[in-house]
Amino acid sequence: MIISIASGKGGTGKTTVAVNLALSLDNIQFLDCDVEEPDAHIFLKPEIKTKLSAHIPIPEIDKERCNYCGKCGQVCAYNAVAVIPPRDDGKGSVLIFPNLCHGCGACSLLCPQKAITEVNKEIGVVEIGNSGGIQFIHGRLNIGEVMSSPLIKQVKEYINPTRTVIIDAPPGTSCSVIASIKSSDFCILVTEPTPFGLNDLILAVGVVKKLKIPFGVVINRADIGDNKVEDYCQENKIPILMRIPFDRQIAVSYSKGIPLVEAREEYKRELQEMFNFIKEKYGNQTHRHDTYAF
Amino acid sequence: MKICVTSQGDNLNSRVDPRFGRCKYFIIVDTDNLQFEAIRNPSIDAASGAGIQSGQLMASKQVKVVLSGNIGPNAHETLTQAGIEVITGVTGSIKEAIEDYKAGKLKAKDGPSVNSKFGISGK
């Protein structure tokens with residue numbers, strides 16, 4: 001089954017939960033989809049064996065064929081193409097803004113003059129390796145690139161359905177989160193009992209509900225803040241899967257890149273119990289492995 | 001000659017909008033007779049590329065000069081390619097901006113005045 005870890009608010013402990021869940025179970029494939037800032041490798045220390053360049057197709061205009069009809073600019077949903085019709089001097093131009101292009105291909109498909117070809121632009125890399133028995137894959141977006149979703153989709157092409165797949169998602173509730181958690185069988189939302197944690201948890205719950213992904217909540221630093229996250233989960237019948245206390249030893253081991261389950265073995269059992277609960281309740285749903293693309 | 005001033009309202013007494021791509025209105029004025037057309041900005045809520053869309057709108061309206069508070073890099077490139085002069089740092093009312101321009105008090109600067117997405121925060 002595919003379990004994704006998301007949060008809404010950043011810094012709540014997604015990677016802590018994802019990495020330690022992976023280290024507590026057998027037959028795991030781990031995907032770090034936080035391609036703007038991947039960090040699971042710091043804890044899992046994988047040996048990277050394959051490095052693949054990731055691209056998106058961006059349009060290139062054949063100026064001989066182009067008659068400045070403007071169709072490409074009209075069909076671009078992201079305003080990545082601007083067509084300036086010829087002025088008095090007879091010169092027009094077509095401007096391409098690669099940083100806005102999502103590589104959807106609409107402009108080249110619909111150009112009546114067949115004046116557009118697609119050229120590959122590198123946006124990052126996909127790295128594949130092993131950490132002990134864990135299959136490890138992550139994406140790294142090139143510095144200055146903004147299109148994380150196409151790279152996330154390329155990371156997810158390597159999903160191995162014969163394993164339990166754990167996906168570490170980026171924070172927030174935008175496209176990159178949706179690309180990461182889409183078609184998961186279950187989503188763990190990690191939060192903290194603070195007003196910020198609750199505010200962003202509510203937004204994240206809205207996203208997983210819209211995507212029809214079953215979900216539960218892990219409360220990290222559970223003994224700080226207030227009770228409002230607990231109350232919210234109770235009122236909305238959201239299962240609280242686990243509570244991790246605000247513990248100096250956890251913070252110290254984290255700061256050294258030592259996974260929680262190595263510093264505090266007892267969490268292994270708790271994480272296994274959480275997994276068993278998820279698997280029993282949600283593990284036999286129909287898999288949706290054919291619907292990664294959207 | 002047609003010039004465009006980004007505006008917070010739909011008439012010559014309105015204030016200049018400090019944003020280009022996501023301004024509320026474009027007021028396109030004929031400097032010879034002060035006749036004007038106010039266009040509600042169709043790209044104000046565009047997820048991306050508002051400046052590029054607004055730049056193309058200026059080109060289609062045969063505007064020669066744009067007066068605004070700020071211009072981002074994509075809008076600047078679009079306007080420059082369309083042969084439109086860009087003047088930033090403009091404040092006050094639309095009427096004042098046009099008078100200042102006609103009096104030669106406003107001068108074009110090279111390059112954009114702000115980064116991409118500048119207009120989103122001020123929405």
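Numbers restart at 1 for each chain; the letters A, B, ... are given by sequence-line order, proteins then strands. Just the heavy atoms: all of them, side chains too, but no hydrogens, waters or symmetry mates, feed the values below.
The heavy-atom pair separating Asn79(A) from Ser48(B) by the smallest distance is ND2-O, 2.8 Å. For Val83(A) against Gln56(B), the heavy-atom pair with the smallest separation is N-OE1, 2.8 Å.
Dense packing is recorded around NZ of Lys121(A), with more than 12 heavy atoms of other residues, nucleotides or ligands lying under 6.0 Å away. The neighbour count for Glu37(A) CD, taken as heavy atoms of other residues, nucleotides or ligands under 6.0 Å away, does not exceed 12. Enclosure of atom NZ in Lys71(A) is not indicated, since only 12 or fewer non-hydrogen atoms of other residues, nucleotides or ligands lie within 6.0 angstrom. For NZ of Lys2(B), the number of neighbouring non-hydrogen atoms (other residues, nucleotides, ligands) closer than 6.0 Å is greater than 12. Residue Lys210(A) qualifies as open at atom NZ: its count of foreign heavy atoms under 6.0 Å is 12 or below. Within a 6.0 Å sphere centred on CZ of Phe196(A), other residues, nucleotides and ligands contribute 12 heavy atoms or fewer.
Summarising the geometry, atom CD belonging to Gln81(B) is positioned 5.0 Å from atom CG belonging to Leu95(A); distances are rounded to the nearest 0.5 Å. To the nearest 0.5 angstrom, Glu77(B) atom CD is 9.5 Å from Ile84(A) atom CD1.
Counting heavy-atom pairs closer than 4.5 Å to chain A, the top residue among Ser116(B), Ala59(B), Gly83(B) is Gly83(B).
Inter-residue side-chain proximity for Asn74(B) and Leu100(A) is flagged as met; some heavy-atom pair is nearer than 4.5 Å.
Proximity to chain A (any heavy atom under 4.5 Å) is shown, for Ala47(B), by neither the backbone nor the side chain. Using a 4.5 Å cut-off between heavy atoms, Gln53(B) contacts chain A through its side chain alone, with no backbone atom that close. With a 4.5 Å cut-off on non-hydrogen atoms, Gln62(B) does not touch chain A at all. Only the side chain of Phe97(A) comes within contact range of chain B, with heavy atoms under 4.5 Å apart.
Here Lys102(B) pairs with nothing under the salt bridge (charged side-chain N to carboxylate O under 4.0 Å, His left out) rule; sequence neighbours left out.
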